[in-house]
Amino acid sequence: CVCRLYTQATETMAEPGYIVPLFHPRHAEETEEYQRVSTNVEKELAVIQEEVRRMRIATKVQVETLAVREMMTRRVDYLDEIPRMPDFLLALRPHTVWEKTPIKLFCTVQGNPRPLVQWYKAGVPIYPPNTPGKYKIESKYGVHCLVISRSAVSDTAEYSAVAINQYGTATSKATVIVKSKSFSLPHLTEIHASKLEVGLFDRFPVTFGVEGESATLVCSMVVVPDLPNLPPIAQWYRDDKLLTPSKLVEMSVGGGKARLTLPHLAKDDEGLYTLRIFTKDGTSDHSAYLFVSDAAPTTAGAPGAPMSVKVYDVGSDYVLVAWKPPNTVNEAPITGYFVDRSVSGSDTWVQCNDAPVKVCKYPAHGLHVGRTYYFRVRAVNKAGISRPSRKSDKVIALDDAERLRLEVIKIKGKYEVVIKDDELEGHVTIPGEPTDVHVSEIFKSYVVLSWTPPSRRGRAPLWYIIEKVSWRRINTAVKLHSPRYPVFDLQDGQKYQFRVYSVNANGSSEASAPSEPVQKVDEDGKGVPSAPTHVVATRNTKTSVFVQWEASKEQKSLMGYYIDARVVGAKEWFACNNKPFKHTRFVAHGLIQGETYVFRVQAVNVFGLSEESQESSPVSVQPALAIPSAPYGITMLSSDGSSITLAWKSPKHSGGSRINAYYIDQRDVNDTVWTEVNLAAVTERVCTVDNLTEGNYYEFRVQAGNLVGVGLPSDPSPPLKCEAWTMEEPGPAYDLRFSEVRSHSLVILWKAPVYTGASSVTGYFVDMAKKGSSEFVTLNQETVNRRYLQVTGLEEGETYVFRVRAVNAKGVGKPSELSDPVCARPLPGTKEIVAGVDEETGDIFLSLEACEVSEMSEFVWSKNYKTIGDCPRVSVSTKGRTSRLTFTNPDKDDLGRYSVFVTDTDGVSSSYTLTEDTLNTMLELSYAIRHPVVPLKHGLNYEVLEKGHVRFWVQAEKLSSSVSYRFIFNDKEVKSGEGYKISHDVATGIIQMTVDNFTRASEGTYTVQIHDGKAKTQSSLVLVGDVFKAALKEAEFQRREHIRKQGPHFSEYLDFTVTEDCTVLLTCKVANVKKETTFQWYKDDEEIVPETPPNVMSGACGLPVPLFSRKDQGVYKAVLSDNRGKDTSAFDISGKGSISLLSYCASASDLVLQCTPEGIRLQCYMKYYTEEMKTIWKHKESKIASSERMRIGGAAEMAWMQICDPTDREKGLYSIEISDGVKTHVRSFDLSGQGKHRLVTYRGRVLGGLPDVATIMEDKSLSLTCTVGGEPTPEVTWLKNEQEVESNEHTRVTFDGGKFSSLVINQVTPDDSGKYSINVRNKYGGEFVEITVSVYRHGEQIPEPKLGQAKMATPVVTPSPTPGPKSPTPAPKSPAPKSPTPKSPTPTPPRGIKSPTPPRFMKSPTPPRK
C-alpha cells in the first residue's frame, strides 16, 4: 500500500501530460473543395463590387473605381479608425553574411496614427547623410527597410527599429554578423539537433525561492557528438505549459548544461518545471518543483501578494480583471483587494476601486480606446496592505465586436479587399436599438450588464446609455463604447431590470427590450467552497511527506488548494505552497528529517479561501518503508585453506528501517547454483565461511534484511581462491568510514586486519588520491598506531578516495579496498559539539544538535574514537535531535577528544577536544551554579530622609517571590515594629529598613542576610566615628528642616542673576505661605522698601539693584513671617563678592586693533565697565603704565590703550588682564608683524633703501632710491637743506607705483653737497629720513663719512583730514565713518549668562535661622 501511494505521489508531482500537436496534411478532397470555393468567390466578386458602388451615394464612378483599385493593391487596417499604439506585425530578422554583401533589414509596423520609425545601430541613431552611400532607409505602405551596402566586419552589431506615435512606442531588434571571407569552416555533414544522443545527469532538485529574488534551474547533459554550434533542442514547461524566452524567463543550452533562469521571482512562477530534451531515441525529461514564498511584508501582519492576474472580456473602455488570492496562514483574513492600472510606458499606477472588492474579479472601466494597459492587485486585511502582485500581460482597450463587422475578400489569391458593415448600410443616421440585454456576472458588490450591438449603426461613432428600473438613467463619467458595463450601488434584496439605448451624433435609438429581473446576491448563492475532508499524510522521503485529501464538494470555479503544515508542539503554521495546487495529492517538500508534522488543506475559489480542513494525523518525516538496497564491496580478510573470512559494506539505503540481518550465499566458480551459507541471520558485517575446498575458487554474495523483508542480493564478489595465507606481512584493514567531513578536513577510521601475519600490527599508513586518479599520496610519513587519522588540507568540493596499509615487524601489508568516494563538503546545517554547564544543576556536558536524524538514528559517543559504553564517569541522554554527554565528576582523567556519530544519516558527526583550561573554567562555573550567590547591584547603603529618618537599603540583580532576609544591628536581629520598618520589592530587587529615630545609640554595624532559593548573600555597613557623626548631623538637620517647613519658609534661598542692562536681581522662592504672610528686604540690617511690594502668593520674590557698584556692597537679607513662624535668608555681596559681580557684568571681547591719527589703539569691548574693575595691560609680559606714548583709559562699554607714534620697539604681544579676585581673564593681540596684523599697516613709512651718508665725485650722477609704504598711498616730498626739491633736468624726482621714490642728480657739482631728506606721510602720519651728500673734486681724496651725524628716521604725525570725536576715547556705538570699528571675532557673551564665579551648590550654606 505504501509503495502504491508513493507511486501515486510521484506521478502527481511529475506527471508529463505533454501533448505535441501533429501536423495534418491536406487531403486531395480538401484541396479540390478549396479550389472550388476560391473559383466561386472570384465569380461572385463582380456582383459584390456592383453592390458596393450602388450603396455609395453621391460618389462618382471614377472615385469608386479608384477606391476599389486602392483596396486591391494594399490591405487596409481593419480598425483604421481606432487609435492604436505601434505594433510590429513583422519583426526584424537576424542576418549572418560575408563581408561586402549588401544587407536589407525589413519590418512591418501598424498603428494609428501611422508611427514614425527611427533606426539604431548599437543604440546610436542612424542618419544616412552622415555616411553617404553607406545606409539607405525606405518606407512604403507600412513596410520599413534599412539597406546596408557593401557590408564590412565593423557593421556587426545589434540593429533596432523604434516605432513611435502619440499612444506609445514599440521596438524590434536583430543581430547582424558580418564575417570575413578569410575565415572558413571545414565541411561538416549536416546533423539535425534531434539526431544527437543526450543523457541527463546532475539534475536540478526541488528548489525554494523568495519573491523578488532570482532562481536558476540547471541540468547537466552528455551530448554525443558534442558540437559547439549545434546544441540539443531543449524545451521548458511549467505545469505542462511551454515556456518562451522573455524578460521574466531566460533560457540557454550549451556547454553541457541546459539552464533556466527566473531573474525576478513571483508566486506566479511556482509550479512543476519540466526540462524536455529531444534525442535520437525520442525525448528525455526531468521534472522538479519550484516553491516561491512571500517576501517580507512592508507592514507586519499584512497578507501576501495576490498572483496570476489575468484580463478577460476586453472592450473599448472596459476589461474584467481576475486573480488568485494569496495563502493566509498566520495573518488576519483578507477583507478585500485593490486593483491598480498603468498605461504602457508609464511607471504611475492608478487605483481603480475606491473601496476594497471582496471577490477575485473586478470590472475595470473608464479606459481609453486604443491605449495599452497593465493591471496589478493588492490584498488588504486589518493589519495593512500587501505588496503588489506581478503585473498582468499588456492589454489593448479594443472591442472584439469591431472585428466581427469586417469582411475580407481575396481576389485571385493576390489581392485583399476589406469591407466594413458600415459601407453596406446605406444612409443610416440613427442607429438601431441593442438586443439581448442580460446580466452576465452577478456578485455581491456589482453586476455586469451585457448586450448585443445594433445591426444597423451607421458610420458615426456609437455609444450607449443605460437605464435601470423605473427607467432612470445611470450616470456614467465617460461615453460608454463597449457592450458591457459594471453596475454598482445596487440595494440588497431589490430586483432590477435594465434597458440600453444606442446613441450617435444623429440621435438616440429606441430602448432595447428590458433584461430579466435580477437581484444582487453571491454567485449561485454559495460563496467560498466547503473545506476539504479526510486529509491523510504518509511518509515519502527524508525531507518530504505525501499528503492527499478528498476534494471540496463545490468544484465550480475552484482554483485549487493551499496546504499548510505545523510541527507537533508548535503553535504557528507555515505554508507548504503559495500558489493554488489543482490536484488532491501533494508532496510537501523542505521538511526536517525526524520532525513530526500535521497538515491541513483549504480550498480556493474566486470568493476566497474555505475553512481549514481537519488536521491530519501526525507523521514523522522519514523515508517510506522499503526493503534495503544491496550490500556491496565484498572483500576477503583472511583464509586458512578450509575457510575464508569475508567483510562487506552496508547498503547505501536501509529502506527506512534498521538492518537486522545479513545472509550470505556461495558458489563454486564452475557452478551456476547459489548455496546458502547461513540459515541464521548474521548481524555483523564480517563472516567466516567454512567447509571450503582448498585450491578452489568461490564467489559470494550478500543480502540485507530489515523489518520489511530481505533485499536484493549484492553483485557477486570476484572469484576468491581458498588457500592458506602464509605471508609474514599483515592482511588488509577493512571497514573504512569517515567522520566529521568538512570543507577542508575529515577523519578516516578503519578496523584492524583479521590476519596479522608473523607479528602483531604496529601501525598504519594512509594513502589518498583524487577520484578517478591512480596516483596515491601517503598522508603520514611515520606509521600511526591508532585506527583513525585526521586529514587536513583538502580542496573544498573535491572528491577523494582512501586506502589503508597495515605494518608489522616484517613489513607493509596488503592495502585495503578503496573507500567510498567522499566529497570535501559539510552537510547543510552542520553544527559542532558545544561544551557547557547546566544552569540548573551545574553539570558539565558536551552537546550536539544534529542537522538530520531518522527514527532509527542513534548518537554514538566516543573518546579518542573508542566507543563509550556503560561508563560510570559519563551519562548520555538524547531528546529529539539533540544528544548530551554529561560528566559525573569531571577531572583530568576526562581530558581528551570526544566525538559523536549519528547512525542512519548521511554522515552527521562532530568532535570536541576537552583541554585542561576549558575544564577548569567550566568547573569554576559549575561551582558557582551549585553554590549560588545572590548577585547585588548595590551593597548595603544608607540615606537620610525627610523628618530625619534614615533608610538602610540593598539592591539585588533579581529577587524571587520566595526571598527571605533579616537585618542585624550590632549582632542583634532587628524586627519590623516600633521605630523600624522593613520591606522589599521583587520588581526592583530592593530590600530596605527605615529607622525612624536615628540617635547616638544608632552607632554600630548594620548587616543584611538574604536567602533566595539556593542562593544566599550578605552585606554589611559600618557606621562609626566620623562617618556616623556626618550621618547623625544630616539627620538632625533634616529634622530641623522638617520643623521649619511647617511654617512659611524659603524653598530656594537668595541668589542673584544679572540682566541685559547690568541690573543685579536678587531672587528667592517661598513656600507654605498665605495672604497674611509678610516679606521684608534688608541691607546691612536696614530695611529696604522696594517700589513694587513683594507678592509672596506668587511663590517668588525679587529685588533689582541697577548698575551695581561698590556703594551697593553689603549683606542682603530677606525675612518671611506669619503667625506660624519666621524664616530668614541672607546673601553677602561685599568685598570679593562685588568684584565678582562686576566681572560678571564685564564679559570682555577679544582685543581689536584700531588706527588713529596719533597711532594705533587696542580696544576691548565689554557690556559693562567701570573704573572699579581691575585691569592690567601688558607688553611682552611686562606691565604697562599709562604715559604720553602709552595711554590707558576706558568708556562705559570699552577699555582701551593708545600707542602714539608706534615704532619697531612697540612690536610684540599685547594683553589685557581682567581679574575678579578668583580668576583672571586674559585677552591678547599679536603686534609682532609676523602674523595677520602688522604694527604699521596704515601710517606712511620709509621701508628701506636709503644710506645715511652718500659721497660722490663731481660730474657723476647720484641716485637716491627708497621703498615707501602706507595705506592710503602716502605723499612723498624730497628736501635739500629743508627746502623742497623741484624736479628739473638737473634734479629729477620720481614716484613709481606708489612704492618706489627716487631723487636723481645728473652731473653733480660741489654745490649739490648738503643735507637731503625725504618726508613720507598720509592721513595717519608719516616718517622723515635724512641723508648727507658730499661731492668732491677730481684729484681730491675721498672724504671719510662722519658716522653718527646722520639723523635717524623721524616719524611725522599728520592730523586726519576727517574730524574725529572730541574725546580721545571713541564711542563704539558711533564710530567714525571712515574708520569703522572692527567687529570682534568672539561675540560678547549676553548679560544673562552667570558669572564665572563658581556656582553655590548650597543654597545660602547653613542659612541663619532666627
Side-chain angles (χ1 to χ4, degrees), residues 629-640 643-652 659 662-664 666 677-678 682-690 692 698-704 714-739 741 746-769 776 778-780 783-789 791 800-808 810-822 860 862 865-867 901 903 907 909:
S629 61
Y632 65 101
I634 301 175
T635 182
M636 183 168 65
L637 301 182
S638 69
S639 175
D640 59 5
S643 66
I644 294 177
T645 301
L646 302 174
W648 58 88
K649 296 179 182 179
S650 58
K652 294 183 178 180
I659 296 176
Y662 290 99
Y663 299 94
I664 303 96
Q666 70 175 43
V677 172
N678 59 315
V682 175
T683 57
E684 299 294 332
R685 288 182 288 110
V686 176
C687 178
T688 299
V689 182
D690 299 318
L692 301 178
Y698 294 89
E699 291 180 341
F700 301 90
R701 69 180 185 184
V702 183
Q703 292 174 275
S714 66
D715 292 334
S717 68
L720 303 177
K721 186 177 182 180
C722 180
E723 63 178 355
W725 284 9
T726 59
M727 65 272 197
E728 295 181 344
E729 296 83 5
Y734 69 101
D735 197 16
L736 276 64
R737 55 190 178 90
F738 301 99
S739 178
V741 179
L746 56 81
V747 175
I748 181 172
L749 304 97
W750 61 88
K751 290 183 180 179
V754 174
Y755 179 80
T756 60
S759 61
S760 60
V761 175
T762 58
Y764 301 90
F765 285 113
V766 180
D767 303 331
M768 178 185 75
F776 280 86
T778 302
L779 300 175
N780 53 317
T783 60
V784 293
N785 54 12
R786 57 184 184 272
R787 293 194 299 275
Y788 68 90
L789 179 68
V791 183
Y800 299 88
V801 293
F802 295 83
R803 70 184 183 189
V804 178
R805 293 173 292 151
V807 180
N808 64 7
K810 298 300 182 177
V812 180
K814 296 176 59 177
S816 66
E817 292 291 328
L818 291 182
S819 68
D820 290 337
V822 58
V860 180
S862 302
Y865 295 99
K866 293 182 180 179
T867 303
F901 183 84
T903 63
S909 55

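Using a 4.5 Å cut-off on side-chain heavy atoms (C-beta onward), Phe700 and Met636 make no contact. With contacts defined as side-chain heavy-atom distances shorter than 4.5 Å, the pair Val747/Phe901 does not qualify. For the pair Thr867 and Val860, the minimum side-chain heavy-atom distance is below 4.5 Å. Using a 4.5 Å heavy-atom threshold, the side chains of Val689 and Tyr698 count as separate. Residues Arg685 and Tyr734 form no side-chain contact, since every pair of their non-hydrogen atoms from C-beta on lies 4.5 Å or further apart. Using a 4.5 Å cut-off on side-chain heavy atoms (C-beta onward), Tyr755 and Thr645 make no contact.
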inquiry  = Evaluate Asp767 against Thr778 for side-chain hydrogen bond (donor to acceptor under 3.5 Å, both in side chains), listing each step before the verdict.
reply    = CA-CA 4 Å; Asp767 303 331; Thr778 302; 2.9 Å; yes
message = Determine whether Tyr662 and Trp648 satisfy the following criterion, ring-ring contact (aromatic ring centres under 6.0 Å, His included), listing intermediate values before the conclusion.
response = CA-CA 10 Å; Tyr662 290 99; Trp648 58 88; 5.6 Å; yes
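Among all heavy-atom pairs drawn from Leu736 and Glu817, the shortest one is CD2-O, 4.1 Å. Of all heavy-atom pairs spanning Ala647 and Val686, the tightest one is CB-CG2, 4.2 Å.
The residue from Arg803, Arg787, Arg737 that alone fulfils the side chain to side chain contact (heavy atoms under 4.5 Å, CB included) condition with Trp750 is Arg787.
Judged as a salt bridge (charged side-chain N to carboxylate O under 4.0 Å, His left out), and not counting sequence neighbours, the contacts of Lys649 are Asp820.
Note: Tyr788 and Tyr865 have tilted aromatic rings, judged against thresholds of 30 and 60 degrees for the angle between ring planes.
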